[in-house]
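What follows is a set of notes on a single structure, which appears directly below.
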Amino acid sequence: MCYQERHKACLERNKQTIFNLMSRFSIEKAVLEYCGFDGDGGVNHIAYGSSKIKRVAKRVIVPYQCVEYHTEGLRKVGVGVVTRQLSLHNALKHFALDLLEQAQPYWTVYEGSEGTLTLDPKERKCLLKHTSYFTESLTRQASY
């Protein structure tokens, strides 16, 4: 199985794990805001609806699956899945970045991008609202 296939499978497992924990701890919705520019980016803010829910999300531990390359020196020799223990709050950040890698590759290039990711455990859906920015130019050459 190649990196992309494993990444997609882990993304789906992580989504189901996150939705299950959100439902278990009565977290009705999480809205993540992100932005990226010049090859770098991340999640800037997560809104839960109340500060009490945010405190819960920072304490609940999630087994989060990540895909990693195995290397020998500088050479990639294989792909594996590693399970990390993260707070639900941090798992949401990782999930957003993993989803962006899958759904909007190169989201930090050109003039960057920004958007929101809304997770609704009741509907078991993720809504990604993404805006990409580009620089346009027009070059003309004339001789008179």
Side-chain angles (χ1 to χ4, degrees), residues 1-140:
M1 191 182 280
C2 71
Y3 176 88
Q4 287 83 4
E5 291 168 342
R6 287 190 184 202
H7 187 268
K8 191 172 183 177
C10 286
L11 187 65
E12 184 59 32
R13 280 191 294 265
N14 290 331
K15 180 175 85 168
Q16 297 310 321
T17 301
I18 287 169
F19 280 154
N20 290 341
L21 284 171
M22 287 177 73
S23 295
R24 182 175 166 199
F25 290 96
S26 302
I27 301 173
E28 295 178 9
K29 181 169 65 169
V31 180
L32 294 84
E33 297 173 3
Y34 65 88
C35 68
F37 176 75
D38 200 22
D40 192 23
V43 175
N44 300 333
H45 179 71
I46 303 176
Y48 297 100
S50 79
S51 58
K52 179 182 176 186
I53 292 174
K54 185 175 184 176
R55 285 191 301 274
V56 169
K58 287 187 173 187
R59 286 194 309 255
V60 172
I61 300 300
V62 177
Y64 192 86
Q65 294 186 343
C66 305
V67 179
E68 292 184 352
Y69 282 108
H70 300 291
T71 60
E72 289 179 2
L74 297 175
R75 197 170 65 108
K76 296 176 184 174
V77 294
V79 176
V81 176
V82 177
T83 302
R84 295 198 173 115
Q85 301 298 318
L86 303 175
S87 69
L88 178 56
H89 185 78
N90 286 334
L92 287 167
K93 289 180 180 183
H94 282 272
F95 179 77
L97 298 177
D98 287 344
L99 182 63
L100 282 167
E101 180 182 335
Q102 192 78 36
Q104 297 292 330
Y106 311 110
W107 64 279
T108 61
V109 298
Y110 307 115
E111 292 302 308
S113 64
E114 64 183 6
T116 59
L117 173 63
T118 304
L119 287 92
D120 183 345
K122 186 175 180 183
E123 296 290 324
R124 296 190 86 75
K125 297 215 182 228
C126 299
L127 174 64
L128 179 63
K129 183 179 177 189
H130 181 81
T131 303
S132 296
Y133 298 103
F134 302 93
T135 300
E136 295 182 28
S137 62
L138 174 63
T139 302
R140 293 185 178 161

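Computation of the quantities below employed the complete heavy-atom set of this structure, encompassing side-chain atoms and omitting hydrogens, waters and symmetry-equivalent molecules.
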Next on the checklist: R55 vs K58, test: side chain to side chain contact (heavy atoms under 4.5 Å, CB included). Steps then yes/no.
Outcome noted: CA-CA 5 Å; R55 285 191 301 274; K58 287 187 173 187; 5.9 Å; no
Checklist entry - Thinking salt bridges, do K8 and E5 make one under a 4.0 Å N-O criterion? => result no
Next on the checklist: If we ignore hydrogens and angles and just use 3.5 Å, is the side chain of T116 paired with the main-chain N or O of E33 as donor and acceptor?
Outcome noted: no
Checklist entry - How close do V62 and L21 get, heavy atom to heavy atom, and via which atoms? => result CG2-CD1, 3.4 Å
Next on the checklist: Restricting to non-hydrogen atoms, name the atom on H7 and the atom on D98 that form the minimum distance, rounded to 0.1 Å.
Outcome noted: CE1-O, 3.1 Å
Checklist entry - How far does CG of L97 sit from OH of Y34, to the nearest 0.5 angstrom? => result 10.0 Å
Item to check | Pairwise distance NZ(K76) to OG1(T71) - rounded to 0.5 angstrom | outcome: 9.5 Å
Checklist entry - From L86 CG over to C66 SG, what is the distance, rounded to the nearest 0.5 angstrom? => result 6.5 Å
Next on the checklist: Using side chain to side chain contact (heavy atoms under 4.5 Å, CB included), reason through H70 and V79 one step at a time and then give a plain yes or no.
Outcome noted: CA-CA 6 Å; H70 300 291; V79 176; 5.7 Å; no
Checklist entry - Crowded around Y69 OH? As in, over 12 foreign heavy atoms under 6.0 Å? => result yes
Checklist entry - Going by atom types only, do E111 and T135 share a side-chain donor-acceptor pair under 3.5 Å? => result yes
Checklist outcome for this item: What one should report as the nearest heavy-atom pair of G36 and T108 is CA-CG2, 3.9 Å
Next on the checklist: Can you tell me how far apart CD1 (I27) and OG (S50) are? Round to the nearest 0.5 Å.
Outcome noted: 9.0 Å
Item to check | Distance-only polar pair, side chains of E114 and Y133, donor-acceptor under 3.5 Å | outcome: yes
Checklist entry - Between L88 and M22, which heavy-atom pair has the shortest distance, and what is it? => result CD2-CG, 4.3 Å
Checklist entry - Side-chain contact, heavy-atom cut-off 4.5 Å: Q104 with L99? => result no
Checklist entry - For the atom pair CD (Q65) and CG (L11), what is the distance rounded to the nearest 0.5 Å? => result 11.0 Å
Item to check | Heavy-atom closest pair, residues L119 and I18 | outcome: CD2-CG2, 4.1 Å
Next on the checklist: Pair V67, Y3 - check side chain to side chain contact (heavy atoms under 4.5 Å, CB included), show working.
Outcome noted: CA-CA 7 Å; V67 179; Y3 176 88; 3.5 Å; yes
Checklist outcome for this item: Paired with L32, the side chain to side chain contact (heavy atoms under 4.5 Å, CB included) test is passed by just one of L128, T118, N44, V43, namely V43
Item to check | Side-chain donor-acceptor contact under 3.5 Å, R84 with N90 | outcome: no
Checklist outcome for this item: In this structure, CG of N14 is separated from CD of Q16 (nearest 0.5 Å) by 10.0 Å
Checklist entry - When you look at S113 and H130, which way does the side chain to side chain contact (heavy atoms under 4.5 Å, CB included) test go after all the steps? => result CA-CA 7 Å; S113 64; H130 181 81; 3.3 Å; yes
Checklist entry - With a cut-off of 6.0 Å (strictly less than), are more than 12 heavy atoms of other residues, nucleotides or ligands near NZ of K29? => result no
Next on the checklist: Testing the 3.5 Å rule here: is there a donor-acceptor pair between the side chains of H89 and Y48?
Outcome noted: yes
Item to check | Exercise: identify the closest heavy-atom pair between F19 and C126 | outcome: CZ-SG, 3.8 Å
Checklist entry - Hey, are the side chains of K93 and I46 touching, using non-hydrogen atoms and a 4.5 Å cut-off? => result yes
